Amino acid sequence: MTTGVAAPAWAEHVLQSGAGAVDGATFLPSTPDTVLWGYLPNADSEPVVRVEPGATVTIDTVSHEGLLEDQARDPVGWFAGFGVPAASVLHDARDIAASGIRHDFDDDGPHIVTGPVHVDGAEPGDLLRVEILTLVPRVHYGVISNRHGLGALPGEFPETVRYPDASVDRPDRYGSVCTFTTVERRHGRDMGLLPYGDGEVAAFPLAPFLGVMGVARATSEPVPSVPPGDHGGNIDIKLLGEGSTLYLPVQAPGALFYAGDPHYAQGNGEVALTALEAPLRATVRLSVVPADRATGILGRLRRPFAETDTHWIAVGLDIDLDEAMKAAVRAAVDFLAMVVGMTRAQALAYLSAAGDFEVSQVVDAVKGVHCLIRKADFQTSSGHGDERGDA
């Protein structure tokens, strides 16, 4: 089942792979040879590109929406149902969908991830610092999906039926509810337009970010793309937009960074299953923080940690949402105690009075909670706020 409105004329403007401005010194396209579908790189993965520490890399990420089996693995045909001309469908999306890459709708993750990128000199014990420099939408439309057995209310939504004979040849039998959403500039802001009722539209601001950024796990086993973990991956923290920084504990030589699951907008929780999924041209700077400096930045944390201009962001992950909350509290306490200089009791008291704990997502098997710690609260003569911001 699909819902939405036909794309307007401006939807013909697309950012095809490699066209237009490329901000990074290295360009990484998404092709059948540079992506994984449903899985993440592991320690044995061959890098698709190698860069020096501090290099800037531009990645043309591709969304899985329009390519999956319940959309007939046919982005041109599926998007045509909403008035999107073939010329407005990305060439790289078409190539990946038409390729021989194996993908199982039920057993594999949906995500298309690009990489891995080998960062010279990165070794286990180091941190990979990922600065998100620019995020440019590649099309003017996206998709929000709710699929059977998934999302925050499995068994209640979708309010449709999935039939046993569902297949790529009978995509409608999956019973997925995919809401096609256009993008339009209104009052100087890019807005997502979600139709409802009798000609009504809910307009919400875009805030692009990459749902998946990570490093290879230290394993030779396949790594599914859905659950996030200490490697990062599908952490779906909506605050990781332009100007933010993500720290990832390196687990394999070269770090083997990858990115994907681009979003135009997401609410905390991501309750339907997906956010507003749509492709982005992402430029990141990849730097290595050596192990002897890493402790001064994050203490002994061996899990993802992030920051923006205004906040530090501690992350908790667990299958159980209560345990994810506890993990986020512990991470925030550890950071404030080991890096900022509070006692653990003072850190807990501060977090209770001033820390904001938010549910990142509840739909990725491993649930996420992140804690926002205001840097301004610590910008005193000791200079803690500035020091961590320059980490």
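Keep in mind that what you see is a predicted model, and the values were worked out from it rather than measured. Computed over heavy atoms, backbone and side chain alike; hydrogens, waters and symmetry mates excluded. When a residue number appears, it is its place in the shown sequence, counting from 1.
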Test log, rule side chain to side chain contact (heavy atoms under 4.5 Å, CB included), inputs Arg170 and Asp165: CA-CA 8 Å; Arg170 305 192 71 180; Asp165 60 349; 2.7 Å; yes

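- Judged purely by atom type and a 3.5 angstrom limit, Asp261 has no side-chain atom pairing as donor or acceptor with the backbone of Val113.
- One side chain, Glu307 or Tyr247, offers a donor N or O that lies under 3.5 Å from an acceptor on the other.
- Using modelled atom types, one finds a donor on one side chain and an acceptor on the other under 3.5 Å when comparing Ser30 with Thr114.
- Under the 3.5 Å distance criterion, with hydrogens and angles disregarded, no donor-acceptor pair is assigned to the side chains of Gln251 and His231.
- Considering every non-hydrogen atom in both Asp356 and Arg374, the closest pair reads OD2-NH1, 4.4 Å.
- Aromatic rings of Phe79 and Tyr141 (six-membered ring for Trp) have centroids within the 6.0 Å cut-off, being under it.
- Judged by distance alone, the side chains of Tyr350 and Asp377 do bring a donor and an acceptor atom under 3.5 Å apart.
- A distance-only check finds a donor-acceptor pair linking the side chain of Asn146 to the backbone of Ala272 [under 3.5 Å].
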Go through Ile96 and Val62 one step at a time and tell me if the side chain to side chain contact (heavy atoms under 4.5 Å, CB included) criterion holds. CA-CA 9 Å; Ile96 292 167; Val62 172; 4.3 Å; yes

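- Residues Val139 and Val84 share a hydrophobic cluster, clusters being chains of Ile/Leu/Val/Met/Phe/Trp/Tyr side chains in contact below 4.5 Å.
- Salt bridge Asp318/Lys326: absent, no basic N to carboxylate O contact under 4.0 Å.
- Between Arg303 and Asp230, no side-chain nitrogen of the basic residue sits less than 4.0 Å from a carboxylate oxygen of the acidic one, so the salt-bridge criterion is not met.
- In this structure, Thr274 contributes its side chain and Glu277 its backbone to no donor-acceptor pair below 3.5 Å.
- Taken from OG1 in Thr181 to CG in Leu194, the straight-line distance is 4.5 Å, to the nearest 0.5 Å.
- Annotation: the span from Thr61 atom OG1 to His263 atom NE2 amounts to 10.0 Å, rounded to 0.5 Å.
- Looking at Thr283 and Thr58, their side chains do bring a donor and an acceptor atom within 3.5 Å of each other.
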Go through the steps to decide whether Val51 and Val117 satisfy the test side chain to side chain contact (heavy atoms under 4.5 Å, CB included), and finish with yes or no. CA-CA 7 Å; Val51 299; Val117 178; 3.8 Å; yes

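- Defined by atom type and a distance below 3.5 Å, a donor-acceptor pair is missing between the side-chain atoms of Thr219 and Asn42.
- A salt bridge does not link Lys367 to Asp236: none of the charged side-chain nitrogens sits closer than 4.0 Å to a carboxylate oxygen.
- The main-chain N or O of Val226 is found under 3.5 Å from a side-chain atom of Asn234 such that the two form a donor-acceptor pair.
- Side-chain contact, Thr160 with His148: a donor N or O sits under 3.5 Å from an acceptor N or O.
- Under the 4.5 Å side-chain heavy-atom criterion for grouping Ile, Leu, Val, Met, Phe, Trp and Tyr, Leu336 is connected to Met325 within one hydrophobic cluster.
- Formation of a donor-acceptor pair under 3.5 Å by the Glu270 side chain with backbone atoms of Ala275 is found in this model.
- Aromatic pair Tyr174/Phe105: centroids less than 6.0 angstrom apart.
- In summary, the side chains of Asp23 and Thr134 do present a donor paired with an acceptor at a separation below 3.5 Å, with no hydrogens or angles considered.
- A salt bridge between Arg138 and Asp92 is present, with a side-chain N of the basic residue lying under 4.0 Å from a carboxylate O of the acidic one.
- Interatomic distance, CG of Asp74 versus CG of Leu68, reported as 12.5 Å (0.5 Å rounding).
- Atom-to-atom distance recorded for Leu135:CG and Leu206:CG is 12.0 Å, nearest 0.5 angstrom.
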Output, in order, the C-alpha distance, side-chain angles, deciding distance and verdict of side chain to side chain contact (heavy atoms under 4.5 Å, CB included) for Val212 and Leu210. CA-CA 5 Å; Val212 170; Leu210 294 171; over 6 Å; no

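- Under the 4.5 Å side-chain heavy-atom criterion for ILVMFWY residues, a single connected hydrophobic cluster contains both Leu298 and Val369.
- With hydrogens and angles disregarded, a donor-acceptor distance shorter than 3.5 Å links the side chain of Asp108 to the backbone of Asp104.
- Atom OG of Ser145 is separated from atom CD of Glu65 by 3.5 Å, given to the nearest 0.5 angstrom.
- Ring-plane geometry between His64 and His111 is classed as perpendicular, the angle between the planes exceeding 60 degrees on a 0 to 90 degree scale with a lower cut at 30.
- The residues Arg147 and Asp70 are annotated as salt-bridged, a charged nitrogen and a carboxylate oxygen being separated by less than 4.0 angstrom.
- One distance of note links OG1 of Thr310 with CD1 of Ile313; it measures 8.0 Å at 0.5 Å rounding.
- Considering all non-hydrogen atoms of both residues, Pro290 and Val288 come closest at CD-O, 3.5 Å.
- Cluster membership for Val340 and Phe305, using ILVMFWY side-chain heavy atoms within less than 4.5 angstrom, is shared.
- Leu256 and Tyr39 fall into different hydrophobic clusters, where Ile, Leu, Val, Met, Phe, Trp and Tyr are joined by side-chain heavy atoms under 4.5 Å apart, directly or via other members.
- Side chain of Glu200 to main chain of Gly197: no donor-acceptor pair is present (N/O by atom type, distance under 3.5 Å, no hydrogens or angles).
- A donor-acceptor distance shorter than 3.5 angstrom exists from the side chain of Thr56 to the backbone of Ala25, with no hydrogens or angles considered.
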